[in-house]
S.K.: 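Take this structure, written in structure tokens, and hold onto it; I'll ask about it next.
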Protein chains: 2
Amino acid sequence: MTLDEAWRILQERQFKRTKNRETILAFFSENDRYLTAMEVRNFMALDNPGISFDTIYRNLTTFSELGILEETELYGERHFRMQCDHGVHHHHFICTACGKTRNIAHCPMESISVNLQGYEVEGHKFEIYGKCPVCVEQ
Amino acid sequence: MTLDEAWRILQERQFKRTKNRETILAFFSENDRYLTAMEVRNFMALDNPGISFDTIYRNLTTFSELGILEETELYGERHFRMQCDHGVHHHHFICTACGKTRNIAHCPMESISVNLQGYEVEGHKFEIYGKCPVCVEQ
DNA sequence: AGATAAACAGGAACGATTACGATTACTAGT
DNA sequence: ACTAGTAATCGTAATCGTTCCTGTTTATCT
């Protein structure tokens, strides 16, 4: 997801173009990995020490709902990253050291043979955790 | 996992047999689904209104580390249930209404074709969420 | 430029979890 | 059974991530 695509989505839905949103999107655009609200805050505080967590969480939630960001839960915290595959369904290997991800095209739901008749499936989660090659070296 | 098996593990590791541990294990033994610390507390408070969260979390963590309980994170909260398959690797369908689970024998890691050479895999999570047949009816 | 609704800052509140010092209860050894 | 030693517990306070609230500011549209 590019910045232009993100702004196009926001403008379509009539969200305003604010300094804070620009800063948040720029940060995700430059950091291709899962980030916490605290990491976002620390970056934003460089320019704007009075930035509010309310602002950060409100925007992160909005972006996530619009499909601009992807969201997952790790160690009891929300983590966000720029949407990578233009809405195409995929899963991730997530590096537990640096947060970087690697796409996993294979979705286990496609090949699942288990009989779930009578069940109403709402969603699923498939993630692989470990160290990426760069972090393995250290 | 039966109560006897749980106590055998605890005794092997020299954990003491206390009233609180008996109550916690009995509760899990009678409730075959994922439970929160709060649900455990509410049950324990019937007999012992002064029960401390410290005691509950300490024991739940101990049981989880010993493989007596299984643990997962849902909606930002830790959930626990009695270990079901004697340590045999498996995954779960989890009912978002009642917390009951259904085992999924198929593990996506077995059939994963993606090339993760150079990566150090530490673990993975595969869960399917939805409504079980009983909850679909309501 | 003015109107208006969205977005924001600052701080308080919240829920889940953990930490702590003082007390109690289990277990082993006599 | 009694007692010492240590694990487990209680009660409470603190912590952490996240959300809520209220008054103020800002972006956008006329």
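Letters go in sequence order (proteins before strands), and every chain restarts at 1. Heavy-atom basis, side chains included; hydrogens, waters and symmetry copies ignored.
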S.K.: To the nearest Å, how far apart are B:R58 CZ and D:dT6 P?
M.R.: 18 Å
S.K.: Taking the hydrophobic residues Ile, Leu, Val, Met, Phe, Trp and Tyr, and joining any pair whose side-chain heavy atoms are under 4.5 Å apart, which ones share a cluster with B:Y129?
M.R.: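 Traced through the cluster, B:Y129 reaches B:Y34, B:L74, B:Y75, B:I94.
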S.K.: Classify every nucleotide of nucleotides 17-30 of chain D by which part a protein heavy atom approaches to under 4.0 Å, writing B for the base, S for the sugar-phosphate alone and - for neither, in 5'-to-3' order.
M.R.: SBBBB-----BS--
S.K.: To the nearest angstrom, how far is A:E22 atom CD from C:dC8 atom P?
M.R.: 11 Å
S.K.: Which of parallel (below 30°), tilted (30 to 60°) and perpendicular (above 60°) describes A:F126 and B:H124?
M.R.: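 A:F126 vs B:H124 ring planes: perpendicular.
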S.K.: Starting at CD1 of B:I24 and ending at P of D:dA8, how long is that distance when rounded to a whole Å?
M.R.: 12 Å
S.K.: Rounded to whole angstrom units, what separation is found between the CD1 atom of A:I56 and the P atom of D:dC16?
M.R.: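 Checked: the CD1 to P distance equals 17 Å.
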S.K.: Taking the side chain of A:R21 as heavy atoms from C-beta outward, which of C:dA9, D:dT9, C:dA7 is closest to it?
M.R.: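 That would be C:dA7.
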S.K.: Calculate the interatomic distance between B:M44 atom CE and D:dG11 atom P; express it in whole Å.
M.R.: 13 Å
S.K.: Measure the distance from CD1 on B:I51 to P on C:dA25 and round it to the nearest whole Å.
M.R.: 13 Å
S.K.: Just checking B:K100: does its NZ atom have more than 12 heavy atoms from other residues, nucleotides or ligands closer to it than 6.0 angstrom?
M.R.: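 Counting neighbours around NZ of B:K100, 12 or fewer heavy atoms of other residues, nucleotides or ligands fall under 6.0 Å, so no.
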S.K.: D:dC10 phosphate, OP1 or OP2: any side-chain N/O from B:N48 under 4.0 angstrom?
M.R.: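 So the side-chain polar atoms of B:N48 do come within 4.0 Å of the phosphate oxygens OP1 or OP2 of D:dC10, strictly under.
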S.K.: To the nearest angstrom, how far is A:Q14 atom CD from C:dT4 atom C1'?
M.R.: 14 Å
S.K.: Thinking salt bridges, do B:E73 and B:R78 make one under a 4.0 Å N-O criterion?
M.R.: no
S.K.: Rounded to whole angstrom units, what separation is found between the CD atom of B:Q11 and the C1' atom of D:dA7?
M.R.: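 Going from B:Q11 (CD) to D:dA7 (C1'), I get 15 Å.
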S.K.: Do the rings of A:F43 and A:F27 sit parallel, tilted or perpendicular, given the 30° and 60° boundaries?
M.R.: parallel
S.K.: Tell me if the CD atom of A:Q14 is crowded by more than 12 foreign heavy atoms within 6.0 Å.
M.R.: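 Open.
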